[in-house]
Participant: 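Okay, handing you the structure first.
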Amino acid sequence: MIWIVKNLWLIPALPLVASGIIAVNKQPKRKLAAGLAIGSMVAAFLLSLCAFAATLGHHGGEHGAFREVFGFNWIQFGGQWMDLGWVLDPLTAIMLVMVTFVGTLIFIFSIGYMAHDQNFMRFFCFLALFASGMLGVVIANNLLLLFISWEIVGLTSYLLIGFWYHKPSAAAAAKKAFITTRIGDLGLLLGMVWLYAETGTLNFYDHGKGCLEASALSQMLAHATIGGLAVSTAIGLLIFLGAVGKSGQLPLHVWLPDAMEGPTPVSALIHAATMVAAGVFLVARVYPLMAAGALVGEHGAPVTTALTVVTWVGALTAIFAASIAVAQNDIKRILAYSTVSQLGYMMMGLGVGGVAVGMFHLITHAFFKALLFLGSASVIHGCHEEQDIRKMGGLKKYMPITFAVYAVGMLALSGFPLFFSGFWSKDEILHAAHGWSVSQIPFYLGCTGALLTAFYMTRQVALVFFGAYRGHEKESSHGHSAHSHSHSSESSHNHDPHESPAVMTVPLVILAGFAIVLGFVGTPAWPWFDGYLTGEAIKLDFSKLAETAGLMGISALIVISGLTLGWILYGNRQRKTAGEKDVIEAAVPAIFKVLQNKYYVDEFYDATVIRFNAFAAWFCDFADQWIFGGLVLIVKYITIGLAWLYKFTDEYFVNLGFDVGCDSLRQSGKGLSHLHAGRVQTYLRIIGVALVALILFLIWGHKP
């Protein structure tokens, strides 16, 4: 066993220790907090590179991809031990490198973004703990250890989303995220308990005895549950419910757009490298369970009930969230719904194409979505905390570096042909969906989602970076007065947007570079990423490009159409004022309103789930106070009454009768005690009186 496998625990432990040290230090030690957090991530990144290097070069071997595990006994109950441990395989290694590298860049960016925040130390403490939890999820070879780390991620997301807890919206968003993801986590917990009951272990791999290995899978396939569903499928769907909550899939997606209430680097960390990626990673990790007993489709992709559910949930989420993003005006909310949509693509990729297809898009998305969120943070910082894209415009003149890198992120997310990573990873998902033997509908949904993605990202870039800057406008309840407009113009130079400092722009440039080059490790001509995860030998073959040229052409046409349509509607028709109606809103106001209000899903939940929960809470309170409380009062008063009756009976009947009897006996005894006074004279008198009485009785009673 190589040294890095035994010491893999150091990777999550380093930021965990850094978080602990920051937590116990007094304010304000900003340099110490930032240095510890960033230093721990850099060290974790270097160890991750060692782990990654250890997994290279294992292609086409007898045992496939590299995999080594390390475990130990943790706790004993009865005659059984519960084990914990970690696994090093290509899936672990590539995720470790991504999380630590992207996380480090976000940490560095945060130095500039949070420079003036009074809770700077607390922020870096939470960031380090967040990264530690995610890294624990990645290395876990045991579902229990994964669940422990999973909940650390949930806790820190609550702390970071509600970091500015003095804002009611931030506090509400934190609670919403925590409660919504707990619903999914309940499914994961039930699946974990059921899995242990079926297999007797929660280890994923354990030299043939793990719950994801052939013996355990065959055992679960042999058992059926309600409706003839295999136990493996039922457990897989419960675990998938946890992924639905964490990765913001329908219908538990509602927390993710509101998570933008936290500081923007938190949004970048959540939406790119950590929390939402955990759900997709979980499905990839338990993929053998999801694919157990699979039928092989036309193109070699496994088909099971669990994977079919994953595919449909992902496809519907992708189109649903993309359509909502079209009508949003908050720069971060647009990106948030974009994340929900792209996570849907990843789930669909896992369902129709396997682990490599879904994970490739996760890795590329992590870089360009971190770039976009940090780019939006740079925009917000430069625009004096403004987030409404209607009040921006013309920023490419004021923020040229931010504009350049944001354009790269936008093109990567849109899937611009050939030169950007998003094109290759998205195209692989669409290619797999086109060959899915169950249905062609997810393919068409994916194509429509790609069109909408290119459209709403063009809309965002056009409104933010092109045209004239609209941030100087001052609106009153009756519109723009001439005086206020004049005053705004005079003072505009004091409030012009400005470029961000180097500590913020350098991480953006690095992320932009990776948003371009990463795509080339997963092209049809050189599918290195696929071979790396599966352990298959890979060779350069440009003829593969010809085989997929048709679908690539369709994908490129879709993206270019979306970009063109977006530019026609928003680039050529520049918004003059912040209050001007949106082009789509003016054309189809009813549809725009529905999209702007997110299909009223939150309102639906408020009217049903939330209202039912409120009613249930009221009923429980009512029952507690008046039903159960009333019964308690009745028992109380009955008890008091019986106690009073007992007291009355005891005092006035039992005690009184007893006292009277005792007094009589006492008086009798007192009277009789005179007969035993020891006086001879008294005894003689008594004898004399008795003798007289006896004589009188004999005389009186004798009759002749």
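Note that the structure is a prediction, hence the values are computed from the model and not measured. Note that the numbering runs from 1 along the sequence shown for the chain.
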Participant: Rounded to the nearest 0.5 Å, what separates atom CG in L256 from atom NZ in K176?
Facilitator: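 Here the interatomic distance stands at 10.5 Å.
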Participant: Counting distance only, does the side-chain N/O of E261 pair as donor-acceptor with the main-chain N or O of A174 below 3.5 Å?
Facilitator: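 No: the side chain of E261 does not pair with the backbone of A174.
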Participant: Taking the side chain from T304 and the backbone from M290, do they hold a donor-acceptor pair closer than 3.5 Å?
Facilitator: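 Yes.
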Participant: Would you indicate whether Y165, at its atom OH, is surrounded by more than 12 heavy atoms from other residues, nucleotides or ligands within a distance under 6.0 Å?
Facilitator: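 For Y165, atom OH is not crowded (no more than 12 foreign heavy atoms under 6.0 Å).
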Participant: Where is the tightest heavy-atom contact between I270 and V276, given as atom of each residue plus distance?
Facilitator: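 Looking at all heavy atoms of both residues, the shortest contact is O-CG2, 2.9 Å.
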Participant: Could you check F628 against V632 for side-chain contact (heavy atoms from CB on, under 4.5 Å), going step by step and ending with a plain yes or no?
Facilitator: CA-CA 6 Å; F628 300 111; V632 170; 5.5 Å; no
Participant: Stepwise, does the side-chain hydrogen bond (donor to acceptor under 3.5 Å, both in side chains) test hold for N142 with W86?
Facilitator: CA-CA 7 Å; N142 179 282; W86 40 87; over 6 Å; no
Participant: Tell me, do M121 and K29 make a side-chain contact under 4.5 Å, heavy atoms counted?
Facilitator: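 Yes, at least one pair of side-chain atoms sits under 4.5 Å.
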Participant: May I ask you to decide if the ring planes of W626 and F622 are parallel, tilted or perpendicular, using 30° and 60° as cut-offs?
Facilitator: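 If you compare the ring of W626 with that of F622, the planes turn out tilted.
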Participant: May I ask you to check whether H253 and F320 place their ring centres under 6.0 Å from each other?
Facilitator: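 Ring-ring flag for F320/H253: true, centres closer than 6.0 Å.
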Participant: What's the separation between atom CG in N203 and atom CG in L143, rounded to the nearest 0.5 Å?
Facilitator: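 Here the interatomic distance stands at 10.0 Å.
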Participant: Do the side chain of T181 and the main chain of A177 share a donor and acceptor less than 3.5 angstrom apart?
Facilitator: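 At least one qualifying donor-acceptor pair exists.
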Participant: Provide the closest heavy-atom pair for F281 versus V138 in the form atom of the first, atom of the second, distance.
Facilitator: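 For F281 and V138, the tightest heavy-atom pair comes out as CZ-O, 3.5 Å.
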Participant: Please list all pairs passing the side chain to side chain donor-acceptor pair (under 3.5 Å) test where one or both residues lie in residues 642-652, with sequence neighbours left out.
Facilitator: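 Those involving residues 642-652 are D650-N655.
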Participant: Are any of the side-chain heavy atoms of S40 and V17 separated by less than 4.5 Å?
Facilitator: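 Counting from C-beta outward, S40 and V17 never come under 4.5 Å.
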Participant: What distance do I139 atom CD1 and L145 atom CG have between them, rounded to the nearest 0.5 Å?
Facilitator: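 Taking CD1 in I139 and CG in L145, the distance rounds to 6.5 Å.
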Participant: List the atom of P263, the atom of M114, and the distance in Å for their closest heavy-atom pair.
Facilitator: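 Heavy-atom minimum between the residues: CB-SD, 3.8 Å.
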Participant: Show me the pairs that pass side chain to side chain donor-acceptor pair (under 3.5 Å) and involve residues 218-242, at least two apart or across chains.
Facilitator: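 As it turns out, the side chain to side chain donor-acceptor pair (under 3.5 Å) pairs with a partner in residues 218-242, which skip direct neighbours, are E198-H223.
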Participant: Dump the intermediate steps for salt bridge (Lys or Arg N to Asp or Glu O under 4.0 Å) on D258 and K332, then the final yes or no.
Facilitator: CA-CA 10 Å; D258 290 346; K332 289 171 64 177; over 6 Å; no
Participant: Restricting to non-hydrogen atoms, name the atom on F123 and the atom on P265 that form the minimum distance, rounded to 0.1 Å.
Facilitator: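 Result for this residue pair: CZ-CB, 4.2 Å.
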Participant: Going from CE on M134 to CG on L129, what distance comes out if it is rounded to the nearest 0.5 angstrom?
Facilitator: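 It comes to 14.0 Å.
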Participant: Give a yes or no on whether the backbone of V153 and the side-chain of T156 come within a donor-acceptor separation of less than 3.5 Å.
Facilitator: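 Yes.
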Participant: Would you mind reporting whether L269 and F107 have side-chain heavy atoms less than 4.5 Å apart?
Facilitator: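 They are in contact (side-chain heavy atoms under 4.5 Å apart), so the answer is yes.
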Participant: So I183 and V244, side-chain contact (heavy atoms from CB on, under 4.5 Å) or not? Walk me through it.
Facilitator: CA-CA 10 Å; I183 296 171; V244 167; over 6 Å; no
Participant: Got a donor-acceptor contact below 3.5 angstrom from the N7 side chain to the W3 backbone?
Facilitator: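 Yes, the answer is positive, given that a donor and an acceptor are paired below the 3.5 Å cut-off.
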Participant: Between T92 and R67, is a side-chain hydrogen bond (donor to acceptor under 3.5 Å, both in side chains) present by the stated rule, with each step listed?
Facilitator: CA-CA 10 Å; T92 299; R67 179 184 293 126; over 6 Å; no
Participant: If every non-hydrogen atom of S132 is compared with every non-hydrogen atom of L16, which pair is closest and at what distance?
Facilitator: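 Answer, listing the atom of S132 first, then L16: OG-CB, 3.3 Å.
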Participant: Roughly how far, to the nearest 0.5 Å, is the CE atom of M95 from the CZ atom of R285?
Facilitator: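 Answer for the CZ-CE pair, R285 versus M95, is 9.5 Å.
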Participant: Are T264 and Y113 close enough, and set up right, to give a side-chain hydrogen bond (donor to acceptor under 3.5 Å, both in side chains), and what steps lead you there?
Facilitator: CA-CA 8 Å; T264 308; Y113 190 83; 3.1 Å; yes
Participant: Are F124 and F120 close enough that their ring centres sit under 6.0 Å apart?
Facilitator: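 They qualify: ring centres under 6.0 Å apart.
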Participant: Picking from I22, L160, L159, what satisfies side-chain contact (heavy atoms from CB on, under 4.5 Å) with L127?
Facilitator: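 Looking at I22, L160, L159, the match for L127 under the side-chain contact (heavy atoms from CB on, under 4.5 Å) is L160.
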Participant: Looking at every non-hydrogen atom in both residues, tell me the closest pair between V313 and L250 and how far apart they are.
Facilitator: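 Of all heavy-atom pairs spanning V313 and L250, the closest is CG1-O, 3.8 Å.
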Participant: Could you walk me through whether K209 and D83 pass the salt bridge (Lys or Arg N to Asp or Glu O under 4.0 Å) check?
Facilitator: CA-CA 13 Å; K209 298 179 292 184; D83 296 337; over 6 Å; no
Participant: Hey, what do you get for OH (Y600) to CG (D606), rounding to the nearest 0.5 Å?
Facilitator: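 Here the rounded value is 13.5 Å.
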Participant: Listing request: all salt bridge (Lys or Arg N to Asp or Glu O under 4.0 Å) pairs with a residue in residues 137-163, at least two apart in sequence or in separate chains.
Facilitator: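 Of all non-adjacent pairs touching residues 137-163, those that pass salt bridge (Lys or Arg N to Asp or Glu O under 4.0 Å) are E151-R182.
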Participant: With side-chain hydrogen bond (donor to acceptor under 3.5 Å, both in side chains) as the test, would you mind laying out the steps for W150 and D185 before giving the verdict?
Facilitator: CA-CA 9 Å; W150 183 275; D185 291 355; 2.7 Å; yes
Participant: Should L282 and L188 count as side-chain neighbours, where that means a heavy-atom distance under 4.5 Å?
Facilitator: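 Of all side-chain heavy-atom pairs linking L188 with L282, at least one is under 4.5 Å.
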Participant: Run the side-chain contact (heavy atoms from CB on, under 4.5 Å) test on L289 and M220 for me, step by step, so that the C-alpha distance in whole Å, both residues' side-chain angles and the decisive distance to 0.1 Å come before the verdict.
Facilitator: CA-CA 9 Å; L289 179 66; M220 286 185 283; 3.6 Å; yes
Participant: Apply side-chain contact (heavy atoms from CB on, under 4.5 Å) to the pair Y605 and R611, showing each step before the final yes or no.
Facilitator: CA-CA 8 Å; Y605 284 166; R611 183 169 294 181; over 6 Å; no
Participant: Checking the side chain of D602 only, and the main-chain atoms of K598 only, is there a donor and an acceptor separated by less than 3.5 Å?
Facilitator: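 Side chain of D602 to backbone of K598: no pair is present.
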Participant: Distance-only, no hydrogens or angles: does the W81 side chain make a donor-acceptor pair with backbone N or O of F72 under 3.5 Å?
Facilitator: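 Checked: no pair found.
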Participant: Between S247 (side chain only) and Q249 (backbone N and O only), is there a donor and an acceptor less than 3.5 Å apart?
Facilitator: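 Not a single qualifying donor-acceptor pair exists.
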Participant: Quick one about W164 and D117 (side-chain donor to acceptor, distance below 3.5 Å, no hydrogens or angles considered), yes or no?
Facilitator: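 Short answer, yes.
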Participant: Decide yes or no for F130 and C125: does some side-chain heavy atom of the first lie under 4.5 Å from some side-chain heavy atom of the second?
Facilitator: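 F130 vs C125: side chains apart.
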